[in-house]
Amino acid sequence: MKQNQVLYIKIAAVKLTVSLILFLSTFNLSASPSDQFNKANALYRSGNYKVAARSYESLIRGGYVSSALYYNLGNAYYKQDNIPKAILNYERALKLKPGDEDVSFNLRLANLNTVDKIEPLPKLFYEQWKDNFISLYNEDIWSKIGITALWTALLFSILYIFSNRSFLKKTGFFATLIFLVAGVFILVVAGIQHQRLTGNKSAIITETSAYIKSSPDDKSTNLFMLHAGTRIDIIDELKGWKKIRIANGNIGWISESEMEII
């Protein structure tokens, strides 16, 4: 009887040990976001675009977001001829990294495959210059530049206060003034960039075709039609409907089920 008890205890101990080893192995071998991203890239390179897209989407659902991730996801959708999803993810990549040449090029390429060719309202030259300047960097980089300029202004102010030489005092004074103004200006630019990213909502039409209505009601008048891949700006919303503006200035209402927020 005693031997049977000892045998039972040994078997139970072995089972517990095996279960613990399997649990720890599963825990330790769980892929990091970097590993998952690399595996998804390998799937993309092998031509398995559908599975690669699912892997990228899984990372995004897990909260891991970057411009490179959205860019690669856009490429995976482009290879599947899913142009609306490709455009959506290129736009999301640019939102995180404004001015990226590779993303901008692929976005232009994808837009060539859309039905709607909407001529944007012309901008005055200084408005275009301002937009291009603000879009050079994202808000994080602008903020870092601005803070660096303010710290530099502080260092030159110390030089101005404690220097006994006239030349160094003048240098410190003017350098402090220049870097102070530059720092404040750049932080204002960072604020504008932040407002653009968080305050202005844009979306991509995901349905093959969608009627833009005169009011937020299915029975209202059809104003015009938009097609998959077209970018729209959201200016208002009401119970499942979005009031939108397109590049040429036309305004109307669309069901939120026919679009996806960038």
Side-chain angles (χ1 to χ4, degrees), residues 17-116 132 135-145 193-194 196-198 200-209 227-232 256-262:
T17 303
V18 170
S19 299
L20 184 60
I21 290 172
L22 289 174
F23 172 76
L24 291 175
S25 297
T26 303
F27 180 78
N28 290 330
L29 292 176
S30 60
S32 68
S34 177
D35 292 335
Q36 292 180 49
F37 184 61
N38 290 334
K39 287 178 181 178
N41 290 341
L43 287 166
Y44 177 87
R45 288 192 296 270
S46 67
N48 201 343
Y49 306 122
K50 191 173 182 179
V51 179
R54 285 204 297 263
S55 298
Y56 293 133
E57 292 279 15
S58 177
L59 278 168
I60 292 169
R61 286 194 300 272
Y64 304 103
V65 171
S66 71
S67 177
L69 178 54
Y70 281 129
Y71 173 65
N72 288 7
L73 178 57
N75 289 339
Y77 278 124
Y78 186 84
K79 289 292 187 179
Q80 297 175 72
D81 291 324
N82 190 337
I83 301 302
K85 284 284 190 179
I87 291 173
L88 175 67
N89 285 285
Y90 289 147
E91 291 280 8
R92 286 172 173 170
L94 275 180
K95 198 171 183 178
L96 294 175
K97 193 177 180 182
D100 186 286
E101 292 183 1
D102 291 333
V103 181
S104 298
F105 176 82
N106 283 17
L107 177 59
R108 287 194 297 271
L109 198 64
N111 278 322
L112 292 176
N113 294 278
T114 59
V115 175
D116 299 321
N132 292 340
S135 298
L136 281 175
Y137 306 110
N138 60 37
E139 62 173 298
D140 289 336
I141 295 178
W142 278 125
S143 297
K144 289 175 182 177
I145 295 172
Q193 182 70 283
H194 176 78
R196 284 187 174 185
L197 295 179
T198 58
N200 299 330
K201 289 185 178 179
S202 298
I204 299 297
I205 301 292
T206 51
E207 289 294 309
T208 303
S209 60
H227 299 84
T230 300
R231 177 179 172 133
I232 54 179
E256 63 182 11
S257 63
E258 297 176 307
M259 40 147 280
E260 194 166 343
I261 301 294
I262 293 173

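Under the side chain to side chain contact (heavy atoms under 4.5 Å, CB included) criterion, Asp116 pairs with Ile118, Leu226, His227, Thr230, not counting sequence neighbours. Every residue two or more places apart in sequence or in another chain that forms a side chain to side chain contact (heavy atoms under 4.5 Å, CB included) with Ile262 is listed here: Leu88, Glu91, Arg92, Lys95, Ser202, Ile204, Arg231. Not a single side-chain hydrogen bond (donor to acceptor under 3.5 Å, both in side chains) links Gln193 to another residue, sequence neighbours left out. Here Glu57 pairs with Tyr77 under the side-chain hydrogen bond (donor to acceptor under 3.5 Å, both in side chains) rule; sequence neighbours left out. Looking at residues two or more places apart in sequence or on another chain, you find a side chain to side chain contact (heavy atoms under 4.5 Å, CB included) between Ser257 and Ser255.
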In sequence, state the C-alpha distance, the side-chain angles, and the governing distance for Phe37 and Leu69, and then conclude on side chain to side chain contact (heavy atoms under 4.5 Å, CB included). CA-CA 8 Å; Phe37 184 61; Leu69 178 54; 3.9 Å; yes

What's the verdict on side chain to side chain contact (heavy atoms under 4.5 Å, CB included) for Tyr70 and Ile60, showing C-alpha distance, side-chain angles and the deciding distance? CA-CA 9 Å; Tyr70 281 129; Ile60 292 169; 3.4 Å; yes

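The structure places NZ of Lys85 at 11.0 Å from CD of Gln80, a figure rounded to the nearest 0.5 Å. Separation of atoms OH (Tyr64) and OG (Ser34) is listed at 11.5 Å; rounding is to 0.5 Å. Atom CG of Leu59 sits about 7.5 Å away from atom OG of Ser55, to the nearest 0.5 Å. In this structure, CG on Asn111 lies 4.5 Å from CG on Leu107, to the nearest 0.5 angstrom. Note that the NZ atom of Lys97 and the CG atom of Asp102 stand 8.0 Å from one another [nearest 0.5 Å].
Within the 4.5 Å cutoff, no side-chain heavy atoms of Met259 are placed close to those of Glu207. Contact check for Tyr56 versus Asn89: no side-chain heavy atoms found under the 4.5 Å cut-off. Annotation: side chain of Asn82 is in contact with side chain of Pro84 (closest heavy-atom distance under 4.5 Å). Leu94 places none of its side-chain heavy atoms less than 4.5 Å from the side chain of Tyr71.
The two residues Ala110 and Ile87 make their nearest non-hydrogen contact at CB-CG1, 3.7 Å. Nearest heavy atoms, Glu258 versus Ser209: OE2-O, 4.4 Å.
Remark: the Ser32 side chain and the Asp35 side chain contain an N/O donor-acceptor pair separated by less than 3.5 Å. Side-chain atoms of Tyr90 and Asn75 form a donor-acceptor pair, as typed in the model, at a separation below 3.5 Å.
The main-chain N or O of Ala93 is found under 3.5 Å from a side-chain atom of Ser67 such that the two form a donor-acceptor pair.
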Donor-acceptor pairs under 3.5 Å, side chain of residues 42-51 to any protein atom, not counting sequence neighbours: which ones?
from, atom 1, to, atom 2, distance (Å)
Ser46, OG, Ala42, O, 3.4
Ser46, OG, Leu43, O, 2.8

